[in-house]
Amino acid sequence: MAAAGNEKFPDMTRLNKKSRQDIERCLNEFQGRKDLVLDPDLMKPLDRITGGAAFLKDNGVDKIFKLDRADKQIKLVGCDRRVYLVRPKINIMKIIADHISSEQSRGENRKYRIVMVPRRLFLCEMILEQEGVLGHCDLDEVDLNLLPLDTDILSMETPEFFKSFYLDSDLTLLQTVSKSVHTIQGITGEIPNVYCLGRAGKMCYELLKQMTGERLIQPDYPRSEIGHLFLIDRGVDFVTPLCSQVTYEGLLDDMFGIQCGCVEFGKDITQKDQPVKVRLNSEDEMYEAIRCRHFTNVFDFLKSKAQDLQSLSDKRKEFTKVKDMKDFVANDLRKLNQSKANLTYHIGACEQIIQKKNKGDFVEYMQTEHSLLEGTALRENLNYIEESINKQNSLMSNLKLMCLTSLTNDGIPARDYKSLKTQFVQSHGFEQLITFHNLKKVGLLREQEVSSQSRVSAGVAALTRNSSFKNIRKRLNLIPSVDVDLRSPCDMSYVFSGAYAPLSCKLVEQVLQREGFSGMEEITKHIPGSVHADVKLRTPGKGIKGMTNQPGRPAPVVLVYFIGGCTYSEIAALRFLGKQQGYKFIVATTSLFNGNSMLNTVIEKSPL
């Protein structure tokens, strides 16, 4: 167990301050009044960093336009200076080039600055040069990498990373991941213990070492605010994102979509004509109390909270002095009203979730999912998936079950794979052949490979083979042997109703206990990609013979960086592990997602 359970989280708002300063510098270097054209993907992150349009106005921005990717010839009417704040993408550079060319042809004289986020790419410069507009604009970059969404959550908010890295084999964004870790170390001190899981984790660490360079002076590791860093390739654990989330925060994301730490509730919940945007973080004490709970344990809490708020509200009737009423209005009334509004929203959200879960064959779906995780009744599970496809149930639900079957069995038996593929394409459209190709390339869905000697009894061999996941599941005890109390859980598997403990989080637990991968060879040989540990500071009594490389011990703060995306279920599991083991976990990721949003980046969309 780590030493100090009371350890505070490092202040990650310092990342926001640095980002604000970079934006401020970029705007003020382009002197005078200017218009700002924003990439739609950057609007929400920029709002979180700057706090709104007032910051931009204070730094010389006159008008704010949204970059329209559909219409390259759109006419922007504004002043004689313009700043484009955009992602470095080829299609965006071509849109900007069209803007500049058309305005030049109309005789409109403007000065342009293109600011790329999170970094300037030479490829984009080439596009601008080919389009003949490079000489008309200044180029700059703003290093907006990790956005603090809460005290323990950092996100790059780049959902395109998954497709870019796993499908297109584009390594560009790995540099951004490494740079973001480098930025954190510049604030908190160099992290002494680094553990890499998977290909992307190892590559990012190699890039990080290049950025850090050779030092003449040994870093003061014991003073670092973060003691351990995990760089986890999402490909190490594709199973967890495909599992149905049952924590309140996970269900909110599945149902309503949490973006940039905010959720938008409609009229059916708020009873207001306009949608209400609610920020979800630990500043809201009510949300902090329910976010990681199993959903079955949320409604009773909200009911008791409603009674408490009613008692506080009734207290006003007992006031006999004007001073007491005045103090109540000044100090408590606003907080009480906000708490009541939040309570209404969360109760409304719970009702919506319950209504959705009561529709369709939710119970059968969950039974099939849990059975796949346990490795039982494969034939019955395949029959259920086939039936679900023929009923034309949700495309995403069918895909998730097929991918889960493939991952937990090292592929789907050849005969069943071909049958499911044929029926899926007939139910959901022939463009889904491309989806199957993409999923195979990513590693989510494939046909089982059967050796030539087993070909005669392929069906039996496929149903009884010992897959990599089955080996890991057994050695890490991913399936609890006893029932888990969902109200007072004693195991992180509660985040999936006690049916499965997230593989990624179990790996973190084991590596922290050992301070490395020693003794985990039978597990790590089944992990795709390599594993690597660089341990410079050991806790006395841990690791190899309890030896320490230096005096002191690493801080009990752990930064877990998911390269490729992270789910709210994994965050809940790590928070639970932190309470159990005395660690403070900070989760960083390229984006926060769920099974649907992960698959949505690689499936082929139906033509309109």
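This structure is a prediction, so every number in the text was calculated from the model and none was measured. Every heavy atom of this structure was used, including side-chain atoms; hydrogens, water molecules and symmetry mates were not. This chain uses plain numbering: 1 for the first residue, then up along the sequence.
Side chains of E570 and T567: a donor-acceptor N/O pair is present below 3.5 angstrom, by distance only. Remark: the S282 side chain and the Y287 side chain contain no N/O donor-acceptor pair separated by less than 3.5 Å. Counted by atom type alone, H294 and S497 present one or more donor-acceptor pairs between their side chains at under 3.5 Å. In summary, the side chains of S591 and E157 do not present any donor paired with an acceptor at a separation below 3.5 Å, with no hydrogens or angles considered. For the residue pair T435 / E604, no side-chain donor-acceptor distance below 3.5 Å is found, with atom types taken as modelled. Donor-acceptor pairing under 3.5 Å is lacking for the side chains of Y166 and N438. Donor-acceptor pairing under 3.5 Å is lacking for the side chains of T158 and E160. Checking R514 against Q510 by side-chain atom types alone, a donor-acceptor pair falls below 3.5 Å. Side chain to side chain, N596 and K400 meet the donor-acceptor criterion of an N or O pair below 3.5 Å. In summary, the side chains of H532 and Y195 do not present any donor paired with an acceptor at a separation below 3.5 Å, with no hydrogens or angles considered.
Taken to the nearest 0.5 Å, the CD atom of Q580 stands 8.5 Å off from the CE atom of M492. The distance from atom CG of N477 to atom CD1 of I472, rounded to the nearest 0.5 Å, is 13.0 Å. Here the CZ-CG distance, from F593 to L599, works out to 9.0 Å after rounding to the nearest 0.5 Å. Going from atom NE2 of H526 over to atom CG of L503 covers 12.0 Å, rounded to the nearest 0.5 Å. The line from OH of Y205 to CG of L208 is 7.0 Å long, rounded to the nearest 0.5 Å. Separating the CD1 atom in I153 from the CG atom in L146 is a distance of 12.5 Å, to the nearest 0.5 Å.
A distance-only check finds a donor-acceptor pair linking the side chain of Q185 to the backbone of I191 [under 3.5 Å]. The backbone N or O of L407 sits nowhere less than 3.5 Å from a side-chain atom of R446 that would complete a donor-acceptor pair. Within the 3.5 Å criterion, the main-chain N or O of E515 finds a donor-acceptor partner in the side chain of R538. No side-chain donor-acceptor contact under 3.5 Å links R119 to the backbone of T176. Judged by distance alone, the side chain of S178 and the main-chain N or O of C204 form a donor-acceptor pair under 3.5 Å. Judged by distance alone, the side chain of E369 and the main-chain N or O of S244 form a donor-acceptor pair under 3.5 Å. Looking at T188, its side chain never comes within 3.5 Å of a backbone N or O of I226 through a donor-acceptor pair. A distance-only check finds a donor-acceptor pair linking the side chain of D233 to the backbone of A200 [under 3.5 Å].
Within a 6.0 Å sphere centred on CD of E206, heavy atoms belonging to other residues, nucleotides or ligands number more than 12. Within 6.0 Å of atom CZ in R25, more than 12 heavy atoms from other residues, nucleotides or ligands are found, so the atom counts as buried in its surroundings. L171 CG: more than 12 foreign heavy atoms inside a 6.0 Å radius. Under a cut-off of 6.0 angstrom, the local environment of CD in E521 is crowded, with over 12 non-hydrogen atoms contributed by other residues, nucleotides or ligands.
When every heavy atom of A572 is checked against every heavy atom of T247, the shortest pair comes out as CB-CG2, 4.1 Å. The two atoms that bring L85 and L42 nearest to each other are O-CD1, 3.5 Å, heavy atoms only. For D140 against R113, the heavy-atom pair with the smallest separation is OD2-NH1, 3.3 Å. Closest approach of N281 and L149 over heavy atoms only: CB-O, 3.9 Å. Here the closest non-hydrogen pair linking A501 and S493 is N-CB, 3.8 Å. Residues P118 and L144 approach most closely at CB-O, 3.7 Å, considering heavy atoms.
Scored by the ring pair (Phe, Tyr, Trp, His ring centres under 6.0 Å) test, F165 finds F161 as partners (sequence neighbours excluded). For D254, the side chain to side chain donor-acceptor pair (under 3.5 Å) test picks out Q245, N594, with sequence neighbours left out. Remark: K44 engages Q259 in a side chain to side chain donor-acceptor pair (under 3.5 Å) (not counting sequence neighbours). Under the side chain to side chain donor-acceptor pair (under 3.5 Å) criterion, T405 pairs with no residue at all, not counting sequence neighbours. Listed by chain and number, the residues in a ring pair (Phe, Tyr, Trp, His ring centres under 6.0 Å) with F55 amount to none (sequence neighbours excluded). Every residue was checked against the side chain to side chain donor-acceptor pair (under 3.5 Å) condition with R475, not counting sequence neighbours, and none meets it.
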Can you check side chain to side chain contact (heavy atoms under 4.5 Å, CB included) on I49 and I23, steps first, answer last?
CA-CA 9 Å; I49 291 168; I23 295 168; 4.0 Å; yes

Assess the residue pair K536 and V194 against the criterion (side chain to side chain contact (heavy atoms under 4.5 Å, CB included)); give the C-alpha distance rounded to whole Å, side-chain angles, the decisive distance to 0.1 Å, and a yes or no.
CA-CA 9 Å; K536 298 186 176 71; V194 181; 5.9 Å; no

For T240 and Y500, run side-chain hydrogen bond (donor to acceptor under 3.5 Å, both in side chains): C-alpha distance rounded to whole Å, both residues' side-chain angles, the deciding distance at 0.1 Å, then the answer.
CA-CA 9 Å; T240 300; Y500 163 74; 2.9 Å; yes

Going through the distances and angles, do R234 and D237 end up as a side chain to side chain contact (heavy atoms under 4.5 Å, CB included)?
CA-CA 6 Å; R234 181 73 269 172; D237 177 18; 3.6 Å; yes

Show your reasoning for whether side chain to side chain contact (heavy atoms under 4.5 Å, CB included) applies to N409 and F469.
CA-CA 7 Å; N409 293 279; F469 179 78; over 6 Å; no

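Under a 4.0 Å N-O distance rule, the pair R120/E125 qualifies as a salt bridge. Salt bridge K89/D41: present, at least one basic N to carboxylate O contact under 4.0 Å. Between R20 and E24, no side-chain nitrogen of the basic residue sits less than 4.0 Å from a carboxylate oxygen of the acidic one, so the salt-bridge criterion is not met. A salt bridge between K163 and D168 is present, with a side-chain N of the basic residue lying under 4.0 Å from a carboxylate O of the acidic one.
Screening R575, R291, K584 for a salt bridge (charged side-chain N to carboxylate O under 4.0 Å, His left out) with D152, the sole residue that qualifies is R575.
A centroid separation of less than 6.0 Å is found between the aromatic rings of Y494 and F576.
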